[in-house]
Peer 1: 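Next up is a structure, given as structure tokens.
For clarity, every value in this text was computed on a predicted model and none was experimentally measured.
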Amino acid sequence: MIIHHREISYGHDYPVFFESLAKAKAYLEKKYPEISIEIMYNLAGERGRATIQTRYASLGDYERIDAEADKDEQYSKLLEPVMNETVQPIIDQFYRVI
């Protein structure tokens, strides 16, 4: 199993930011039932960053789904408010589950 861990910042319009993430999550999980997505935010420490963890069966699944999502106009439209609100660089990490 592969976990894609993404940290993304948000600014003042966080209700719209999280609503957009939730819609994008629902869209991807419906289109790709083989993945699962968790959206989180920190309750202590650094604020203003959301964490999105997506679980894939393999790195190949990640690469295929990521390439398809990059070309998906409906998905891109759902993420517009998120990308407009991002104020710091996005941080991506990948983990292999043992």
Peer 1: Counting only heavy atoms not in Gln93, do more than 12 sit closer than 6.0 Å to its CD atom?
Peer 2: yes

Peer 1: Report the C-alpha distance between Glu19 and Lys23 in whole Å, list the side-chain angles of each, state the deciding distance to 0.1 Å, and finish with yes or no for salt bridge (Lys or Arg N to Asp or Glu O under 4.0 Å).
Peer 2: CA-CA 6 Å; Glu19 179 182 344; Lys23 287 178 182 177; 3.1 Å; yes

Peer 1: Using distance alone, with no hydrogens and no angle criterion, decide if Tyr27 and Glu29 have a side-chain donor and acceptor under 3.5 Å apart.
Peer 2: no

Peer 1: Is there a path of hydrophobic side-chain contacts, each under 4.5 Å between heavy atoms of I/L/V/M/F/W/Y residues, joining Met1 to Phe94?
Peer 2: no

Peer 1: Roughly how far, to the nearest 0.5 Å, is CZ of Phe17 from CE of Met83?
Peer 2: 9.0 Å

Peer 1: In terms of hydrophobic clusters joined by side-chain contacts under 4.5 Å, are Ile91 and Tyr62 together?
Peer 2: no

Peer 1: Any heavy-atom pair between the side chains of Glu7 and His5 that's under 4.5 Å?
Peer 2: yes

Peer 1: Can you see whether Asp92 engages His4 through a side-chain donor-acceptor pair at a distance of less than 3.5 angstrom?
Peer 2: yes

Peer 1: Do we see a donor-acceptor contact under 3.5 Å between the side chains of Arg49 and Gln88?
Peer 2: yes

Peer 1: For residues Ile3 and Thr54, determine if any side-chain heavy atom of one lies less than 4.5 Å from a side-chain heavy atom of the other.
Peer 2: no

Peer 1: Answer yes if Val16 and Tyr75 sit in the same cluster of Ile, Leu, Val, Met, Phe, Trp and Tyr residues linked by side chain heavy atoms under 4.5 Å apart, and no otherwise.
Peer 2: no

Peer 1: Find out if a path of hydrophobic residues (ILVMFWY) with successive side-chain heavy-atom gaps under 4.5 Å connects Leu28 to Leu59.
Peer 2: yes

Peer 1: Please list every donor-acceptor pair under 3.5 Å in which a side-chain atom of residues 30-43 meets a protein atom from a residue at least two apart or in another chain.
Peer 2:
| from | atom 1 | to | atom 2 | distance (Å) |
| --- | --- | --- | --- | --- |
| Lys31 | NZ | Asp72 | OD2 | 2.7 |
| Tyr32 | OH | Glu68 | OE1 | 2.7 |
| Glu34 | OE2 | Arg64 | NH2 | 2.9 |
| Asn42 | OD1 | Ala44 | N | 3.0 |
| Asn42 | ND2 | Ala44 | O | 2.4 |
| Asn42 | ND2 | Glu46 | O | 3.4 |

Peer 1: Does any non-hydrogen side-chain atom of Arg96 lie less than 4.5 Å from one of Ile98?
Peer 2: no

Peer 1: Below 4.5 Å, heavy atoms only, C-beta onward: do Glu73 and Leu78 meet side chain to side chain?
Peer 2: no

Peer 1: Which heavy atom in Leu21 sits nearest to a heavy atom in Ala50, and how many Å separate them?
Peer 2: CD1-CB, 4.3 Å

Peer 1: Shortest non-hydrogen contact from Ser76 to Ala69?
Peer 2: OG-O, 4.5 Å

Peer 1: What's the verdict on side-chain contact (heavy atoms from CB on, under 4.5 Å) for Ile2 and Val97, showing C-alpha distance, side-chain angles and the deciding distance?
Peer 2: CA-CA 6 Å; Ile2 300 295; Val97 176; over 6 Å; no

